[in-house]
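This report concerns only the one structure given below.
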There are 2 protein chains.
Amino acid sequence: MSPQEDFQATRKRLMRTVQDSMDVLNGKWKIAIIASLCCFTKRRFSDILNDVVGISNRMLSKELKELELNQVIKRTVLDTQPITVHYELTEHGKTLQPIIEDLAAWGVVHHKQIVGK
Amino acid sequence: MSPQEDFQATRKRLMRTVQDSMDVLNGKWKIAIIASLCCFTKRRFSDILNDVVGISNRMLSKELKELELNQVIKRTVLDTQPITVHYELTEHGKTLQPIIEDLAAWGVVHHKQIVGK
DNA sequence: CCGGATCCATTTGGATACTG
DNA sequence: CAGTATCCAAATGGATCCGG
């Protein structure tokens, strides 16, 4: 393969794998939900509802289900009365933690960049 | 401040700054567009249109405009005939490059995790 | 070539009420 | 408490055509 073709192939692969990630993290709330779970070993439905400002229970329910399907989070039902549900990052989900932290760091820089000073 | 309150404050701040980042990177295509620009110093409108599989010119136009507003990318018009336009990451935008690479790396791992083997 | 304008279908998502 | 169901408004986004 020529250096030219090699570069193209590398590039296409980068685009594809980034897209693979974004297929999991799509939607308005996924990142915020994961960020909420980053700080705790376990977190309850209503807790996340409070953490993620603006989300409705309808959306939270839907996004959590998708994240569980993608094995990013784990759902545990405790048979208390009334019922209690714990959400936590899986080992796989925990590998997203550095990215969340980088995003937070970038958010700080960006805020300075835009708002200024 | 008690350690308890300190923890809460840190957590809230993480959530906020992550959200600051996501306000910039929202929408279906932003990350993919930035990934496309990561590999080149300059890239044309029609090039990005080809890079980002599935995007329409309408959306590309809109997303590029938003990224420019947030000073992530820079738009340069060359008065050739017909007109040519270059897009590139700003210095600020380039600081997103590590995050894109991490996302790509995570995409690889995730693909193995889900598809298996 | 680089987009803007229009039209229209699909998706998203809030509010509210309801169940186990 | 942890969701689900319904209804409906608004945003998203594709296809197409058009103009500089």
I want to confirm an ordering. Mapping A:W29 and B:F45 to their closest nucleotides on DNA chain C, which one lands closer to the 5' end? B:F45

Whole Å only: how far is the CD atom of B:E66 from the C1' atom of D:dA11? 12 Å

Taking the nucleotide of DNA chain C with the nearest heavy atom to each, does A:P82 or A:I55 sit closer to the 5' end? A:I55

Flag the pair A:W106 / B:H92 as yes when their ring centroid distance falls below 6.0 Å, and as no otherwise. yes

Could you tell me whether the side chain of B:S61 and the main chain of B:N57 form a donor-acceptor pair under 3.5 Å? no

Counting side-chain heavy atoms from CB outward, which of D:dC1, C:dG14, C:dG4 is closest to A:I83? D:dC1

So, is A:Y87 close to the D:dG3 phosphate, meaning a side-chain N or O under 4.0 Å from OP1 or OP2? yes

Nearest to side-chain heavy atoms of A:K28, which nucleotide of C:dG13, C:dC2, D:dA2: C:dG13

Rounded off to whole Å, could you give me the NZ-to-P distance for the B:K65 and D:dT12 pair? 14 Å

May I ask you to decide if the ring planes of B:F7 and A:F40 are parallel, tilted or perpendicular, using 30° and 60° as cut-offs? perpendicular

For A:T84 and A:T80, indicate whether the former's side chain and the latter's backbone hold a donor-acceptor pair under 3.5 Å. no

Here the distance between atom C1' of C:dC1 and atom CG of B:L64, to the nearest Å, is 14 Å

Side-chain donor/acceptor of A:R58 to base of D:dT6, under 3.5 Å: yes

Rounded to whole Å, CG of A:N26 lies from P of C:dT11 at a distance of 13 Å

Can you tell me the distance, in whole Å, between the CD atom of A:E68 and the P atom of D:dG3? 9 Å

Without decimals, in angstroms, what is the distance between A:M59 CE and D:dC8 P? 17 Å

A:Q8 and A:R11: side chain donor to acceptor below 3.5 Å: yes

Does a nitrogen or oxygen in the side chain of A:S46 sit under 4.0 Å from OP1 or OP2 of D:dA2? yes

May I have the distance from B:K62 (atom NZ) to C:dA5 (atom C1'), rounded to whole angstrom? 15 Å

Side chain of B:N57 (C-beta onward), nearest among D:dA2, D:dT16, C:dG13: D:dT16

Listed nucleotide nearest any side-chain atom of A:S56, set D:dT4, C:dG14, C:dC2: C:dG14

Does a side-chain N or O of A:S61 approach OP1 or OP2 of D:dT4 to a distance below 4.0 Å, or not? yes

Rounded distance (Å) that lies between atom P of D:dG13 and atom CD1 of B:I33: 11 Å

